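Heads up, the thing below is written out as structure tokens.
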Protein chains: 2
Amino acid sequence: MSLAPVVTGTNHLLAALPSDDSEQLLARCVETELVFADILYRSGDPISHVYFPTTSIISLVTPIDSNHNLEVGLVGYEGMFGLPLILSVNVASYNAVVQGAGQAMCLSTSVFLNELEKSAAFKQELKRYLYVVMSQIAQTAGCNRFHVVEARLARWLLMTQDRAQSDQFHVTHVFLAYMLGVRRVGITKAANSLQNKALISYKRGDIKILDRAGLETASCECYRTEKALYEQILG
Amino acid sequence: MSLAPVVTGTNHLLAALPSDDSEQLLARCVETELVFADILYRSGDPISHVYFPTTSIISLVTPIDSNHNLEVGLVGYEGMFGLPLILSVNVASYNAVVQGAGQAMCLSTSVFLNELEKSAAFKQELKRYLYVVMSQIAQTAGCNRFHVVEARLARWLLMTQDRAQSDQFHVTHVFLAYMLGVRRVGITKAANSLQNKALISYKRGDIKILDRAGLETASCECYRTEKALYEQILG
DNA sequence: GCAGTTACGTACACTACCGTACAGACAGCC
DNA sequence: GGCTGTCTGTACGGTAGTGTACGTAACTGC
């Protein structure tokens, strides 16, 4: 999310710590490979491990009713999965789906809670991150309510590009439809439109961002709002 | 939210504390009258006071873009306003609008933070409440995305009835339209439909719940989901 | 008692999205 | 080459919602 150049393979929350705390913490982390489309947790599950993505991306998806799911957040190198633990609740509030394969730093719950008590800076950092996530969920809520599919798709692509740290990544229309809570056909139309405007190109799930600035124009203002909030609170 | 009878004029979060903590805290609270339609805070404002409603109701409304606002949460005697402070962030994430006039216990931020440090039970209670609110926001997000206006209206009326602790309260179609993020006319149609089914009656803003069970059937399952979560975490 | 304001009802053309169905295009595999 | 599964494009009727406009009823105040 930062505009500063990012070293691939680091997690911002961990990197922002004082070097003492950071070294101690990293020593206890296990670098883990997250596999595309894996479901790490389902809403209601007890949380046994937390994840700090470095090159991977995790989607937070909330089940609404028997027919519907909706993505409410995206976690990449700028964030973490396992926030309920900060609130002393050991229950996942959302489904956690691996949306982009890659690496993540992994800690067991007990070790994580231990480290949390040891480092005030760490705790502070994560509390602020939780605040940002709360705001983002609400923003996403409204975005899903008011904005058209094409704008939401553009926003999603931008957010994913930020976290993928690459201008191309793999994601099919079916997957996007699931995330945005629309029909696959709705994505096909919107994606086609973005492609006709030469903002993106795609072929069998391989999406490439061609014109980032244009995509920002095509997206709703939610993208900028979210980014600004992150900078304000954690920048 | 509890099914047990509720003494009007108490706040659940405060009442749930050990009697020592509770007495200490109540001694520092100032009972305040909240006026209908007052905006206590706007998103981004620094938080100078926190509120624990007893007979009042506060709506959390998130501004989405220049044309749209959306209610993401409802705070009555079961909750509080001022949660960001628990995360050490002194910035309101949402607009706080008085949706039901009445009393609330009020604390200045400094006193609140002080009390928070003094009582582990208080802190624990509020962290759990924050967890519930986070989940509810996501649920509301999806509800707004997938469910029809009539079902959402029914849910809103039920939630408000719980918090108003009365089967009648005052709210106009315009106000409801603002909260649910739809046209006023959309509310008129939905409300009319509920009235024709003899579930509610209304006249110039005075709404009366006639058939609670029927209203629960007419509402989406989100109402039950939310209630169940609250019981599970804070019951 | 009239005027102004507030609350609710109805009507109309329009749009985004839905559910479903079907067909073409491409990739991997035997 | 042909088969199979995956991914994308197109098509069609249906619906819940939009923006706008206008009308009516009820309460409020001078």
Side-chain angles (χ1 to χ4, degrees), chain A residues 36-37 64-71 99 141-157 168-197 199-208 218-220, chain B residues 36-37 64-70 99 141-157 168-197 200-208 218-220:
Chain A
F36 177 73
I64 302 298
D65 54 41
S66 36
N67 301 318
H68 299 291
N69 297 281
L70 188 63
E71 186 188 66
Q99 183 250 295
C143 184
N144 279 313
R145 170 74 188 78
F146 294 117
H147 300 150
V148 296
V149 174
E150 186 171 330
R152 274 155 61 202
L153 175 59
R155 168 172 170 245
W156 194 94
L157 293 172
Q168 49 191 323
F169 42 88
H170 187 85
V171 61
T172 66
H173 289 188
V174 174
F175 193 83
L176 284 166
Y178 176 76
M179 290 301 166
L180 299 188
V182 295
R183 289 177 316 158
R184 193 221 77 210
V185 181
I187 298 292
T188 300
K189 273 190 77 176
N192 215 319
S193 169
L194 292 178
Q195 191 168 41
N196 288 338
K197 292 175 190 161
L199 304 179
I200 63 170
S201 74
Y202 63 92
K203 198 187 162 197
R204 295 185 72 75
D206 292 317
I207 293 201
K208 192 168 186 175
S219 92
C220 46
Chain B
F36 177 74
I64 302 297
D65 55 39
S66 37
N67 300 318
H68 296 110
N69 296 281
L70 188 63
Q99 183 251 295
C143 185
N144 278 313
R145 170 74 188 78
F146 294 119
H147 299 150
V148 295
V149 173
E150 187 172 329
R152 274 156 61 202
L153 176 59
R155 167 170 171 248
W156 194 94
L157 292 172
Q168 48 191 326
F169 42 89
H170 188 87
V171 61
T172 65
H173 290 188
V174 174
F175 194 83
L176 284 165
Y178 175 76
M179 291 301 165
L180 299 186
V182 295
R183 286 178 317 158
R184 194 221 73 209
V185 182
I187 298 291
T188 301
K189 274 188 76 176
N192 217 319
S193 169
L194 293 178
Q195 190 168 41
N196 288 337
K197 293 174 189 162
I200 64 170
S201 74
Y202 63 91
K203 198 189 163 198
R204 294 187 71 76
D206 291 318
I207 293 201
K208 192 168 186 175
S219 91
C220 46

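Here is the naming used below: chain letters follow the sequence lines, and residue numbers restart at 1 for every chain. All figures in this text were calculated on a predicted structure; none of them were measured in a lab.
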[X] [atom1] - [N] [atom2] separation (whole Å):
X        : N      : atom1 : atom2 : answer
B:Asn144 : D:dA16 : CG    : C1'   : 15 Å
B:Asn67  : D:dT18 : CG    : P     : 13 Å
B:Leu194 : C:dG9  : CG    : C1'   : 16 Å
A:Asn196 : D:dT10 : CG    : C1'   : 14 Å
B:Ile187 : D:dG17 : CD1   : C1'   : 12 Å
B:Lys189 : D:dT15 : NZ    : P     : 12 Å
B:Phe175 : C:dC8  : CZ    : C1'   : 17 Å
A:Leu153 : C:dA16 : CG    : P     : 16 Å

With heavy-atom distances below 4.5 Å as the criterion, would you say the side chains of [X] and [Y] are in contact?
X        : Y        : answer
B:Arg145 : A:Val182 : yes
B:Gln168 : B:Asp206 : no
B:Phe146 : A:Asn67  : no
B:Thr172 : B:His170 : yes
B:Leu157 : B:Phe169 : yes
A:His68  : A:Asp65  : yes

Legend entry - Nearest listed nucleotide, side chain of A:Gln195, among D:dG9, C:dC8, C:dA16: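 Nearest to the side chain of A:Gln195 among the choices is D:dG9.
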Inset, instruction - May I ask you to verify if any side-chain N or O of A:Tyr202 is less than 4.0 angstrom from the OP1 or OP2 atom of D:dG9? - result: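 Result: yes.
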Inset, instruction - Would you indicate, yes or no, if C:dC8 has its OP1 or OP2 atom less than 4.0 angstrom from a side-chain nitrogen or oxygen of B:Asn192? - result: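 No, outside the criterion.
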Inset, instruction - Assign a letter to each nucleotide of nucleotides 18-30 of chain C from its 5' end: B, base within under 4.0 Å of a protein heavy atom; S, sugar-phosphate only; -, no contact. - result: BBBB---BBS---
Legend entry - Gap between atom CD of A:Gln195 and atom NZ of A:Lys208 - 0.5 Å precision: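 Interatomic distance, A:Lys208 NZ to A:Gln195 CD, rounded to 0.5 Å: 12.5 Å.
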